[in-house]
Amino acid sequence: LSRPSSNEDMKTILSSITPDGIIAGSHDIVRAFRRKFKRHIPAIVIDCFDFAQKEADGIIFCADHDLGQAAADFFVSRGFTSFAFAGIHGEDHEFESFNSANREHGFSRALKRNGQTYCAYSEKLPPGARQYTKIRQLSDFLNRLPKPCALLAHSDLIATTVIKTCHRLRISVPKQIAVLGIDNDKSVCENISPSVSSISPDYVSAGYMAAETLD
């Protein structure tokens, strides 16, 4: 059991084991093993939608629609009547854009079921970026929101950008805008004040499903 964090780690793993099957978070890892051993190794990829992949691999998705729905249900249960979603789009971030759209859809569907509407902000991120860069447009959006407002961010990193922008605008978080992220990345959530509340995808169950499917 290994967690490669660099190309050197990947080389070490490739030289030390001969796998009968692969569970990974990237098709690049799967392809590296197949090139190394010059054969088709059965593989399951967790929560990584590769639009270019041509291998007939299994893919286990965490239910992004359900994550958005859970956020909406939580906000409604806390008495909010104004809602917003902060997402991303663009071909340079296809997988993240895919997740963002599905999370927004689940959020929208749950709010509609409760007779609620929401405001949406989406930004096309430049290559390599993981947070918003068009702060003026984001600022205009946040200023226009009816407050108090409950905002779901597509990811924890997007949530931190929203919070930092609220600080610059002197918008109180969470009193005026309550921000909820997704992914529960503690290294992100705990390094901003106030810390980001976040929904955690059920990657443990995804791991069990991947193992069962591979077996």
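Being a predicted model, the structure only gives us computed values, none of them experimental.
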>> To the nearest 0.5 Å, what is the distance between CG on L151 and SG on C166?
In response: 7.5 Å

> Once you round to the nearest 0.5 Å, how far does CD of E190 lie from CG of D185?
Replying inline: 9.5 Å

> L214 and P42: which non-hydrogen atoms are nearest, and at how many Å?
Replying inline: CD1-O, 3.8 Å

> At their closest point, which heavy atom of I23 faces which heavy atom of I46, and how far apart are they?
Replying inline: CG2-CD1, 3.8 Å

>> Rounded to the nearest 0.5 Å, what separates atom CZ in F33 from atom OG1 in T18?
In response: 9.5 Å

> So, for K124 and G90, which heavy atoms are closest and what is the spacing to 0.1 Å?
Replying inline: CG-CA, 4.0 Å

> CD1 of I163 to CD1 of I171: how many Å apart, nearest 0.5 Å?
Replying inline: 12.0 Å

>> Using only atom types and a distance under 3.5 Å, with no angle test, would you say the side chain of E123 pairs donor to acceptor with the backbone of T133?
In response: yes

> What heavy-atom pair brings A153 and I158 nearest, and what distance separates the two atoms?
Replying inline: CB-CG2, 3.9 Å

>> For I41, is there any backbone N or O sitting under 3.5 Å from a side-chain donor or acceptor partner on R34?
In response: yes

> When clusters are formed by joining ILVMFWY residues with side-chain heavy atoms under 4.5 Å apart, either directly or through shared neighbours, do V188 and V173 land in the same one?
Replying inline: no

> So R31 and D28, side chain to side chain contact (heavy atoms under 4.5 Å, CB included) or not? Walk me through it.
Replying inline: CA-CA 5 Å; R31 295 183 187 111; D28 290 337; 3.2 Å; yes

> Any side-chain heavy atom of R113 within less than 4.5 Å of one from D73?
Replying inline: yes

> Is V45 reachable from F37 through a run of hydrophobic residues whose side-chain heavy atoms are each under 4.5 Å from the next?
Replying inline: yes

> Who passes side-chain contact (heavy atoms from CB on, under 4.5 Å) against T117, sequence neighbours left out?
Replying inline: none

> So, does N191 use its side chain to make a donor-acceptor pair with the main chain of S187 at under 3.5 Å?
Replying inline: yes

> Between CG of D202 and CE of M209, what distance do you get to the nearest 0.5 Å?
Replying inline: 9.5 Å

>> Keeping T165 on the side-chain end and T161 on the backbone end, is there a donor-acceptor pair under 3.5 Å?
In response: yes

>> So, using side-chain contact (heavy atoms from CB on, under 4.5 Å) as the criterion, who are the partners of C62 when residues are at least two apart?
In response: D47, P201, Y203, A206

> Under a single-linkage rule joining Ile, Leu, Val, Met, Phe, Trp and Tyr whose side-chain heavy atoms are separated by less than 4.5 Å, which residues share a cluster with F74?
Replying inline: L67, F75, V76, F80, F83, F85, F107, L111, Y118, L152, L180, I182, I199

> Which heavy atom of D183 sits nearest a heavy atom of S155, and at what distance?
Replying inline: OD2-CB, 3.9 Å

>> Around atom CZ of R168, are there more than 12 heavy atoms from other residues, nucleotides or ligands closer than 6.0 Å?
In response: yes

> Does atom CZ of R170 have more than 12 heavy-atom neighbours from other groups under 6.0 Å away?
Replying inline: no

> For R130, which residues count as a salt bridge (Lys or Arg N to Asp or Glu O under 4.0 Å) partner, sequence neighbours excluded?
Replying inline: none

> Would S82 and L145 satisfy side chain to side chain contact (heavy atoms under 4.5 Å, CB included), going step by step from the backbone distance to the final call?
Replying inline: CA-CA 8 Å; S82 174; L145 289 176; 5.5 Å; no

>> Within this structure, what is the CG-CG distance for the pair D20 and D215, rounded to the nearest 0.5 Å?
In response: 11.5 Å

> What pairs with S198 under side chain to side chain donor-acceptor pair (under 3.5 Å), at least two apart in sequence or on another chain?
Replying inline: D156

>> Taking ring pair (Phe, Tyr, Trp, His ring centres under 6.0 Å) as the cut-off, I'd like each qualifying pair that reaches into residues 139-179, sequence neighbours left out, listed once.
In response: Y121-F141

> Out of curiosity, does I88 fall in the hydrophobic cluster containing L157 (side-chain heavy atoms, cut-off under 4.5 Å, transitive links)?
Replying inline: no

>> Which heavy atom of E104 sits nearest to which heavy atom of A120, and what is that distance?
In response: OE2-CB, 3.6 Å

> Is it true that atom NZ of K147 has more than 12 heavy atoms of other residues, nucleotides or ligands lying nearer than 6.0 Å?
Replying inline: yes

